[in-house]
Every structure is written in structure tokens, then in C-alpha cells.
Protein chains: 2
Amino acid sequence: MTTMKEIAVKTGVSVSTVSLVLNGRDKGRVKADIAQKVKAQAKAMGYRPNPLARSLRTSHTRIIGFISEEVATTPYAGNIIVGAQEAAANLGYMLIIVSADGSYEEGKQIAALKRYGVDGFLYAKMYNRVTNVPATLSSHPVVIVNASEPTGRYSSISPNEFTIGYDATQYLLAAGCQRIAYIGDSEPILAQGKRFNGYQAALKDAGQAFRPELVTQVSRNQEAMDSVEHMIQGAHPDGFFCFNDSRSWYVYEAAARRGLHIGQDWSLVGVDNHRVFAETVAPRLTTIELPHYEMGYWATCKLISHIEHIDPSTMTLPATTAPLPPLQADGTTLIHCQLLEKESVVNH
Amino acid sequence: MTTMKEIAVKTGVSVSTVSLVLNGRDKGRVKADIAQKVKAQAKAMGYRPNPLARSLRTSHTRIIGFISEEVATTPYAGNIIVGAQEAAANLGYMLIIVSADGSYEEGKQIAALKRYGVDGFLYAKMYNRVTNVPATLSSHPVVIVNASEPTGRYSSISPNEFTIGYDATQYLLAAGCQRIAYIGDSEPILAQGKRFNGYQAALKDAGQAFRPELVTQVSRNQEAMDSVEHMIQGAHPDGFFCFNDSRSWYVYEAAARRGLHIGQDWSLVGVDNHRVFAETVAPRLTTIELPHYEMGYWATCKLISHIEHIDPSTMTLPATTAPLPPLQADGTTLIHCQLLEKESVVNH
DNA sequence: GTGAAAGCGCTAACAC
DNA sequence: GTGTTAGCGCTTTCAC
């Protein structure tokens, strides 16, 4: 580890000059040629600043605290972490991740993160919902990921659930489906209601009547299977929009029992949480993937723009990255989800 | 943030005395009553040490670098992170997680972690394999998670793949299955070979002949489905051991096409990667879950025991935690995987 | 323009 | 036994 002192000695200047130069604060303070010498020497010696020492002085660390629940129990939401981590790396930050679903309570974890001097917090939930942000976070910049929050005090980023339902339904309509079923979740969770609204809106916009008999909101296991069977027998759907891949399963099994094939006899679009389908039946399944990676990435960019008091639109993002989606008036950003076209929709 | 200096002033002693007392190094150096006073004052003022300042001095940080690939693309392996994070929290450590599957290369990430002064590294892979540890890590304690490494220089923790195959097959045998099929993966990955060995060994120990016609090693999609169908038609199995849940899927679909039910007509034990099955068809499926959480937890305990040069068996683990599994001679620890009994095995 | 000096909060060698 | 002192590597104020 080469230090500034060593560079100072080698170059024959003082540490303060080195610090000035290496931090780009030498404008009109240090002569250009000596600045050059310092930079050259630093490069030659492979100088890298010691973040600990810098943090002790400046009390900012370029570390972000990522607080999550249920990383354990939700498939693929881990992509939020990956997205956040990559954004952080691109912008010169590190992520310390704590999960609050374990033996250690959220409060203790937050206190520990504060002691380590994190510059801000990402508060992530593993399924989209309304949540309350712990009061202890309010001393720092916070961005909420995959959730929203009632007070409007914090920025948040979550998937646009309405357009998920709308796009899926519209896609089935465009394929010529006349009787599109909605296989939902029996829990009254946020995503459920909004996707269902999108389904209804798409039907309405296409001039199709909404038929309650085509809707079934199921839990799981045999009971769910029976509900789906019952709906199919009564309402004869030719297309299905499924809340998630667990619900798609019941349709696949019902098709198999009838000797029918998804993508040949029935159309199906489903939200893909687990990706066992992608792995197993692809390219048979047309799916919508939740934008976990994007949410993590953008939330981190936004948080850092808060931390550094800069306008997110001026942030230099890597060329490969899409521009930050615009903020709504209430601080909420909804991310549109892509529909991945495969073969499980047949033209009727 | 109260500092040692403030405590020293309030108590009327020097900072060094405070430091000694608060670090438990006052044995025979500071009088008991004054030590008491210091402790009381510290408590009253809600003193918490500043880890940055301490680290700058001691050059250890109580931060562990967690290096992983493919957190993005592997379901549930995120549990390794959760386990590691909880173990770290229990032992007073923090985890900085970097993923090497993104735009930033492993080398840069490792350099950054070193600058932040991590005390050691967890080098995790998201599926079990033989891997090479980057040379730059050798300056620090390292534990390998969910992988092994050819040189034998590092400790590693991975699932016992052999017993997965053995236990699953034995369980099916005990239920009376006479013709147990093995639905494997067509890739020659480590887990594949060992689970297959376990399957063969269990058959042999039970005195059943190994029948090649009951084995099919499939990739995915229609081709995989066709192979499974072909095997079933030719060899008439009454029980199935499936390499993972993607492969279980094909058996479920084949059963549905015949109007048969898993758990009534056919027995099935599968390794459960995605848990869409657990969510969807439980309690119909008898599964083996990979011990991701445990691997993360134990790897972290072991790493910390290296860092602090203590015998892992003397570590005070939380009462809820199982004891650390023993180390093999080559530094490898294999974790036995539990078989979760449900209803997808029928007594023949 | 440049350097000396103070100090972020803590630890540890060394006086007394 | 306890306090004084000297840093860890860096930033920043203030003389010169």
C-alpha cells in the first residue's frame, strides 16, 4: 500500500500538495508541472487511496447500506442486489447488505450500518407492497426498492403492475383470443389488484366484455388446481393470463390432462418469478419478467444522486445502461416490464 | 456519536484507560472501581466504538468480502448470502458482497475489497463445481463455498452430492419401488456424476440390479420431455429420482398425460432448486433441498475462525445453530442434505 | 503556490 | 495502575 506521504517524499513536495493534486482540487493552487510530477509518481507507485483513512476524516465512506427482507425466500429477487451492486461498482461505491429476516432485528442492523458510516440506505422489499420505513433511517438519504411508502417522503422504485396486466392481455387479444382467463392470487396483495385492473382495462379498450366466470383467484396446491379446472370446465377459455408461474403450472397441468398443448391449443402469458419454466419449457412460455435488476440498478443511481447532491440526469452512466426512468410527482418511479415473446401464444 | 475522549473527560481519566477498559484489556492494569465507573459512563452515554477509527489503527475491519458469480441467474442460491450474513452478524462482522458476473471484473472487485480492508474472503459459486481461486486472494484467509478447489490450499464447504443420490434412492427403495428411474442432467457437471453414483450405490446395497434403460440424462425443453417419455414407455419405472425440479417437471407432465398422479401411482423424489414446486404442488412433492443457508453460515464461521486464529469448535455459536460439521483431511467439508418427506412417495 | 500543523477516533508503547 | 505520547492515512485550515 503506497501512501500519500511516500509520494510526497519521492516527489519532493508535501503531503498536502499531493492530496490537493490527487483529489483534483489543485486548480489555480498547484503549478501544472508539479501537479504532473505528482500524478506521474502516484501512477508509477500504483497509488490507491485508503478509503478508511479518508472516511475517518470526511465522514463519508462511499458505502451504501442495503436492507432487505426475505432474500431467503423469494426466488430471483436477488437480482435487485445484483443490479444495485453493479450500479454501485460503476459509480465507485460498495454495498453492505444486511437482511432483516434473520435472528438479528432490523434496528440493530441499521445501527451497525450507521456506525460503519454508510452514506445512505437502499430499503428493499422482495415483493411489491406498501411499507413503512423505519424512523431511524430518516437521518440519511433513502431510496425504496420494489415497494412504495405512504408518506411520500422517500423516493421509491417499483414495477408498473398495471401495465403488466394490460400488456399481457393486449398481447393475447392481438393473437385473437376471445375468452381470456385471469388466474390470479387469492391474497389481496398490491400486485394482484393492479395486474387485474390492467387485465380489465385491456379488455375494455378492445371492446371485449369482462366476464367474471373467466376469473379465478387461487391459493395453491390441490385446491388451486381444482379451482382452475372448475373455471376451465365452466368458461372454456382460449387464453390465460397468469399472475405468476406457480399459477401457470395449474394451466399446464390442466392442458396435459386434456392432451392439449400450451402454444398450440391454448395461449398463455404469465409473470415469471421462478424461471423454472424458462429453464424447462422454454421456448414454450411467453413470460413477463419482473425488472429486479433494473430496480436495483436505478435505485442505486438515484440514491447516489441524493448522496452527492447531483441531478440524476447529469450522472455519467455506463453506455450500456438505459437512461434513468423519470420520477413521478410523488417521488415514485414505476418501471415498465418487458413482455418476452415466445411460443405459448397461438394465433387464433 | 459519543467518543472515548468524552467518556474520559466525564469520568476524569485518560482516553487510554477508557480504551483499555472498554476493550477488556484492563485485567490487572486498571483498578476495578475505576473500570466500573468507565463502563457505567460509557453505557450511560450510549457509547459505540467507531469501527473506522479502530480499523485505521489496527488494520482489521471485521468486514468480510463475499465474492460470487451468478447470484443473478441461480434460484435460491441467494440463501448462501443469507446464511453468511447471519453468521457474520452473530459474530459481529459485516459482509460486503460483490458479484463478478457483471460489467466489473473480479480482479477490480477484489482490489477494491482489499482497499476497504476486509479481513478475509468468502469465495462462493452458485452451483457446485471445481474452481480456481484467484491468486490475489492468497494474501488473506479464504473459504470456498459451494465449490471445491484442486490445490487443497483452502477450506471449502459444499453439499454431499453422493448422499443426495443415495438417500433419495434408498427412500424410494424403502417405499417398495422396484424400478427406480434416474432423470439426470445431460451436462457432465460435478453434482450430476456424484448423485448418479449415489443412486447406483443405493441400488447395489439393496441388491437391485442397475438397469441402464431406467436412466436418462436430459437437457431441456421438448427434447428432454421426449427422452423422458421414451424412457417411461420402454422401461416402465414405478419411482423416479430427479436431478432437479426442472427434471421433475417432465415426470409430472408425463403423469398428467396418462391421468396418473405423483404420490398415488408413481413415486418421485427430486432435488428442489427453484421451489416453484414447493409453492405449487406441495405437499405432493418429496424433495431434497440444497443446504445453501447452512453452507453460507458455516463457511462464515470457519472463515472467522481463521481470521481470529481460533479453533472453530470453541466458537460460541447461537444456541439455535447446529455444530460445525467436521473438516475432512483435505480441508473439504461436505454438508449432508436433508430429505423432506412429503407425499410424492407411495408405498408399493 | 506550497508546506506545516492539527485532528478525525482509536490503539499501544512507554513513562511515571 | 494510570497518563502521556505518537501515530494509522488522509483532509483542510492557515501561515508564509
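Worth saying up front: this structure is predicted, and the values here are computed from it rather than measured. Order of the sequence lines sets the chain letters (A, B, ...), proteins ahead of strands, with each chain counted from 1.
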Provide, to the nearest angstrom, the distance between the CG atom belonging to N50(B) and the P atom belonging to dG7(C).
-> 18 Å
More 5' along DNA chain D: A53(A) or G28(B), using each one's nearest nucleotide?
-> G28(B)
From NZ of K27(A) across to P of dT12(D) the rounded distance in Å is 19 Å
Take atom CG of L56(A) and atom P of dG7(C), then tell me their distance rounded to the nearest Å.
-> 14 Å
For DNA chain D, whose closest nucleotide is more 5', that of T58(B) or that of V15(B)?
-> V15(B)
Is it true that the side chains of Y123(A) and E69(A) contain a donor and an acceptor less than 3.5 Å apart?
-> no
Check every atom of dG3(C), dC8(D), dT11(D) against the side chain of S19(A) and return the nucleotide holding the closest atom.
-> dT11(D)
Using atom CG of D26(B) as one end and atom P of dT2(D) as the other, report the distance to the nearest whole Å.
-> 10 Å
Would you mind telling me which of dT11(C), dG1(C), dC10(D) lies closest to the side-chain atoms of M4(B)?
-> dT11(C)
Determine the contact category for I34(A): base if any of its heavy atoms lies under 4.0 Å from a base atom, sugar-phosphate if only primed atoms, P, OP1 or OP2 are that close, otherwise nothing.
-> sugar-phosphate
Of the listed dG3(C), dT11(C), dG1(C), the closest approach to the K31(A) side chain comes from dG1(C)
Do NZ/NE/NH1/NH2 and the carboxylate oxygens of E308(A) and K302(A) come within less than 4.0 Å?
-> no
Would you mind classifying the nucleic acid contact of G12(B) as base, sugar-phosphate or nothing, using non-hydrogen atoms under 4.0 angstrom?
-> sugar-phosphate
Does S16(A) get its side chain close enough to the base of dA4(C), under 3.5 Å, for a donor-acceptor pair?
-> yes
To the nearest Å, give me how far apart CD1 (I7(B)) and P (dT11(C)) are.
-> 11 Å
Can a donor-acceptor pair be found between the side chains of S99(A) and Q85(B) at a distance below 3.5 Å?
-> yes
Identify whether any heavy atom of R29(A) sits under 4.0 Å from a base atom; if not, whether one sits that close to sugar-phosphate; answer base, sugar-phosphate or nothing.
-> base
To the nearest angstrom, how far is M1(B) atom CE from dC8(C) atom P?
-> 12 Å
Distance only, no hydrogens: is a donor on one side chain within 3.5 Å (strictly under) of an acceptor on the other, for T136(A) and K114(A)?
-> no
Check: R57(B) side chain, dG9(C) base, donor-acceptor under 3.5 Å = no
Minimum-distance nucleotide (side-chain atoms of V13(B) versus dG3(D), dC10(C), dG3(C)) = dG3(D)
Should T17(B) be listed as having a side-chain N or O under 4.0 Å from OP1 or OP2 of dG3(D)?
-> yes
So which one's nearest nucleotide on DNA chain C is more toward 5', L52(B) or R25(B)?
-> L52(B)
Mark yes or no for whether N50(B), through its side chain, and A53(B), through its backbone, hold a donor-acceptor pair below 3.5 Å.
-> yes
From the list I64(A), V133(A), L303(A), I110(A), side chain to side chain contact (heavy atoms under 4.5 Å, CB included) partner of F121(A) resolves to I110(A)
Does R54(B) place a side-chain N or O at less than 4.0 Å from the phosphate oxygens OP1/OP2 of dG9(C)?
-> no
Could you give the CE-to-P distance, from M45(B) to dG9(C), as a whole number of Å?
-> 13 Å
Rounded to whole Å, the CZ-C1' distance (R62(B) to dT11(C)) equals 16 Å
